[in-house]
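Notes to accompany the following structure.
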Protein chains: 2
Amino acid sequence: MSQMQNVERQLREMILALEVGPGERLTERWIEGRFGASRTPVRAALLRLETEGLVGRDGRGWTVSPINLAELEQIAVYREAVEVAALRLTCGQADKSAIDVIEAMLDSCDENTPREEWHRVGMDFHIELARLSGNEFLFRAVRDAMTRLSRARWLEVRDETALGRAWLEHRAILAATRLGQADEATRLLSAHIVGSRNRLVTSLANDRRGLRARGFAVVAA
Amino acid sequence: MSQMQNVERQLREMILALEVGPGERLTERWIEGRFGASRTPVRAALLRLETEGLVGRDGRGWTVSPINLAELEQIAVYREAVEVAALRLTCGQADKSAIDVIEAMLDSCDENTPREEWHRVGMDFHIELARLSGNEFLFRAVRDAMTRLSRARWLEVRDETALGRAWLEHRAILAATRLGQADEATRLLSAHIVGSRNRLVTSLANDRRGLRARGFAVVAA
DNA sequence: GATACCATTTTGGGATACCAATCTGGTATC
DNA sequence: GATACCAGATTGGTATCCCAAAATGGTATC
């Protein structure tokens with residue numbers, strides 16, 4: 001594994017895990033020292049993370065992208081379009097065996113599973129479902145959208161009932177997909193995405209003061 | 001304007017204008033000499049163009065992305081999803097004055113307009129229409145998809161009737177959008193995209209031999 | 001003539017040196 | 001005490017080295 005990919009991967013993890021806060025300034029020299037790499041791979045990593053929307057330019061200099069509520073709403077609209085299109089493709093396919101793998105993913109979570117794992121599986125559900133479409137561009141769009149949403153979802157205050165409801169919705173989407181019921185499956189998926197967005201934005205807007213107190217830049221809608 | 005942005009812009013133009021052929025090998029040193037920049041900005045440019053899909057890694061080393069017919073078909077599905085979603089948003093908006101600007105764009109082309117300009121305006125029509133949605137992600141998705149399609153459309157053998165038909169379809173889409181008829185507008189848009197894709201892929205598949213003879217790598221569907 | 005092999009060159013990945021722009025902290029001035 | 005200003009430190013942008021790996025091309029061998 002090259003240094004460049006290492007820096008990119010580790011820095012992305014730090015950002016997604018909120019070990020560097022949204023809105024925080026980044027200097028190439030700090031990253032250089034932090035990961036023991038020189039500026040060449042650091043710069044490459046920053047350029048790629050910029051296209052992922054995780055870091056941005058702040059005049060001269062780099063900044064961890066703030067949480068932007070308006071952006072989160074736009075991403076929800078975007079992912080609804082691409083996820084629905086992907087799911088429609090999947091419903092039209094004959095082979096539904098791959099759906100079992102995704103169902104097993106959901107099964108792997110129970111009350112003993114750490115919160116972090118629930119978080120990851122909840123994202124991977126959507127990503128893997130999109131992958132089944134066989135369309136590389138729809139897949140990447142969903143994956144990138146989930147990456148952009150990741151930090152915000154991690155900050156969201158979610159109660160147990162909300163988590164349970166999301167899981168039920170995931171299972172209902174899978175069930176309809178397995179039967180090839182495209183209209184029903186996409187209707188459920190749309191509703192799921194819209195509901196998730198509403199809960200997410202509401203939660204963050206309510207917590208905005210607290211999040212800023214923790215040093216996280218949160219831009220209003 | 002920094003060197004980095006210059007190299008990126010100029011190299012992108014060379015690739016899109018087919019001044020470096022699809023499938024051609026690129027060396028960082030050649031680009032360095034060609035544009036009079038050092039390797040640092042050259043590498044930054046390559047990293048960005050990679051995310052745009054215009055260049056790719058070929059083991060160790062860089063290659064101008066070949067024309068890939070299977071990819072073109074997938075992009076058509078992708079752009080249909082995002083363009084339809086964007087258009088639906090636009091139809092729901094009260095202010096339709098911006099549509100006149102796009103209509104004027106179409107008007108600016110007549111029989112004296114160079115082919116290159118028709119080509120550009122045909123792309124910008126879709127990009128600017130998506131911009132009206134106000135959703136940054138749908139807009140970028142359309143813009144990036146059109147960038148990826150650009151070279152292929154340039155290679156397409158298009159007769160006058162096909163160009164004229166496309167223009168009529170563009171106008172019909174605008175007309176329905178202006179009236180806020182979302183279902184009709186998106187139906188027309190979908191048909192337009194599917195039709196364009198079919199003509200494009202058919203044309204390239206037929207010309208494949210000739211294109212390869214010109215040194216352009218064309219990957220089959 | 002085909003092929004295995006080795007020396008040379010070329011290439012991308014990485015490290016580092018340098019620069020101009022900018023930021024910072026302190027100081028002198030009023 | 002506020003402010004204008006200047007010197008030093010910091011930073012991203014760029015150029016340039018170095019290196020290991022891979023491609024290249026010529027040659028000896030069969």
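Per chain, numbering begins at 1; letters A, B, ... match sequence-line order.
When the P atom of D:dT11 is taken as reference, atom CG of A:Leu46 falls 14 Å away, rounded to whole Å. Between the CZ atom of A:Arg25 and the P atom of D:dT11 there is a distance of 10 Å, given to the nearest Å. Straight-line distance from the CG atom of B:Leu47 to the P atom of D:dG13: 14 Å, rounded to whole Å. The interatomic distance linking B:Leu26 (CG) with C:dT10 (C1') rounds to 16 Å, in whole Å. Summarising the geometry, the separation between CD on A:Glu8 and C1' on C:dG14 is reported as 16 Å, rounded to the nearest angstrom. Summarising the geometry, the separation between CZ on A:Arg43 and C1' on D:dA15 is reported as 12 Å, rounded to the nearest angstrom.
Against DNA chain C, the stretch residues 31-39 of chain B makes heavy-atom approaches under 4.0 Å through B:Arg39. Of the residues in residues 53-62 of chain B, those with a non-hydrogen atom less than 4.0 angstrom from any atom of DNA chain D are B:Arg60.
Side-chain atoms of B:Asp95 and B:Ser97 form a donor-acceptor pair, as typed in the model, at a separation below 3.5 Å. Donor-acceptor pairing under 3.5 Å is recorded for the side chains of A:Thr113 and A:Asp110.
Under 4.0 Å is where a charged nitrogen must lie from a carboxylate oxygen, and between B:Glu8 and B:Arg12 at least one such pair does. Taking 4.0 Å as the cut-off between side-chain N and carboxylate O, B:Glu156 and B:Arg153 do not count as a salt-bridged pair.
Taking the side chain of A:Thr27 as heavy atoms from C-beta on, and the options D:dT11, C:dT16, D:dT16, the nearest nucleotide is D:dT11.
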What pairs of donor and acceptor atoms, side-chain ones from residues 15-26 of chain B against any protein atom, are under 3.5 angstrom apart with sequence neighbours left out?
unit_1	atom_1	unit_2	atom_2	d
B:Glu24	OE1	B:Gly21	N	2.8
B:Arg25	NH1	B:Asp58	OD2	3.2

Enumerate donor-acceptor pairs with a distance under 3.5 Å from any side-chain N or O in residues 73-85 of chain B to protein atoms, sequence neighbours excluded.
unit_1	atom_1	unit_2	atom_2	d
B:Gln74	OE1	A:Glu136	N	3.0
B:Gln74	NE2	A:Gly134	O	2.9
B:Tyr78	OH	A:Tyr78	OH	2.9
B:Arg79	NE	B:Glu83	OE2	2.7
B:Arg79	NH2	B:Glu83	OE2	3.0
B:Arg79	NH2	B:His126	ND1	3.3
B:Glu80	OE2	B:Ser190	OG	3.1
B:Glu83	OE1	B:His126	ND1	2.8

Quick one: side chains of residues 208-221 of chain A, donor-acceptor pairs under 3.5 Å with protein atoms, not counting sequence neighbours, listed by atom name and distance.
unit_1	atom_1	unit_2	atom_2	d
A:Arg208	NE	A:Val218	O	3.1
A:Arg208	NH2	A:Val218	O	3.4
A:Arg212	NH1	A:Val218	O	2.6

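Legend: residues meeting salt bridge (charged side-chain N to carboxylate O under 4.0 Å, His left out) with A:Arg131, ordered by chain and number and at least two apart, are A:Glu128.
Nucleotide D:dC30 forms a Watson-Crick or G-U wobble pair with C:dG1, both donor-acceptor distances falling under 3.5 Å.
Residue B:Arg29 places a side-chain atom within donor-acceptor reach of the base of C:dG12, judged by atom type and a 3.5 Å distance cut-off alone.
Tested against A:Trp118, the residues A:Trp167, A:Trp154, A:Phe125 include a single ring-ring contact (aromatic ring centres under 6.0 Å, His included) partner, A:Trp167.
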